[in-house]
Amino acid sequence: MEDRRALVCNYAIATATCRRGARAYVRQIPGDPARVLVLARSRGGRLVERWEPTAHLHRFRFVTLPPEHPRYDDERVASWLTEEDRCRLAAGATSDEG
C-alpha cells in the first residue's frame with residue numbers, strides 16, 4: 001500500500017465546536033477560499049465536518065499518511081488538493097488576520 005497525502009491546518013482561534021490548535025483536515029475549497037470545509041475533532045471528541053472561515057485557520061501544510069495511520073482508510077481526509085491550493089489558503093488566512 002502506498003502512502004496518502006492530506007492537507008491539514010490548525011484552528012488559530014477557539015470556536016464553539018473546536019478548541020484553539022485543533023488539527024483539521026481540509027476537505028473542500030470552493031471558488032472563493034474565504035471558507036473551507038474541514039474535518040476536525042470536536043471538543044467532545046467526535047469528528048465533525050464544518051465550513052470554517054479561512055481566517056480562523058492557520059499553518060496549512062501537507063502531511064503523509066502511512067498505511068498504519070488511523071485516518072488512512074478515511075476517504076474524507078485523502079487529498080486531491082495541490083500545493084497551489086495550499087498557498088492560496090495560507091495567503092488568505094494571513095491577509096485576514098490584520
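These numbers come from the heavy atoms of this one structure, side chains and all, not from hydrogens, waters or symmetry mates.
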Could you tell me the separation between the NE2 atom of His56 and the OG1 atom of Thr15, rounded to the nearest 0.5 Å? 8.0 Å
Specify the closest pair of heavy atoms between Arg61 and Leu7, including all atoms of both residues, with the distance to one decimal. O-CD1, 3.3 Å
Search all heavy atoms of Arg41 against all heavy atoms of Ala22 and return the closest pair with its distance. O-CB, 4.4 Å
Single hit among Glu52, Arg23, Arg19 for side chain to side chain donor-acceptor pair (under 3.5 Å) with Tyr11: Glu52
Can you tell if the side chain of Leu89 reaches within under 4.5 Å of the side chain of Leu57, non-hydrogen atoms only? no
Minimal non-hydrogen separation, Ala6 against Leu65, with atom names: CB-CD1, 4.0 Å
Between Asn10 and Gly21 the two heavy atoms that sit nearest each other are ND2-O, 3.0 Å
With a cut-off of 6.0 Å (strictly less than), are more than 12 heavy atoms of other residues, nucleotides or ligands near CD of Glu83? yes
Side-chain touch Pro53/Arg35, heavy atoms, less than 4.5 angstrom: yes
What is the minimum heavy-atom distance between Val36 and Pro30, and which atoms define it? CA-CD, 4.4 Å
Would Leu47 end up clustered with Val63 when hydrophobic side chains under 4.5 Å apart are linked, directly or stepwise? yes
Any side-chain to backbone donor/acceptor pair from Arg20 onto Ala12? Under 3.5 Å, distance only. yes
ILVMFWY cluster, Phe60 and Phe62 together (side-chain gap under 4.5 Å): yes
Atom of Cys18, atom of Ser42 and distance for their closest heavy-atom approach: SG-CA, 4.2 Å
Test item: Tyr72 and Arg4 side chains (from C-beta on) under 4.5 Å apart, heavy atoms: yes
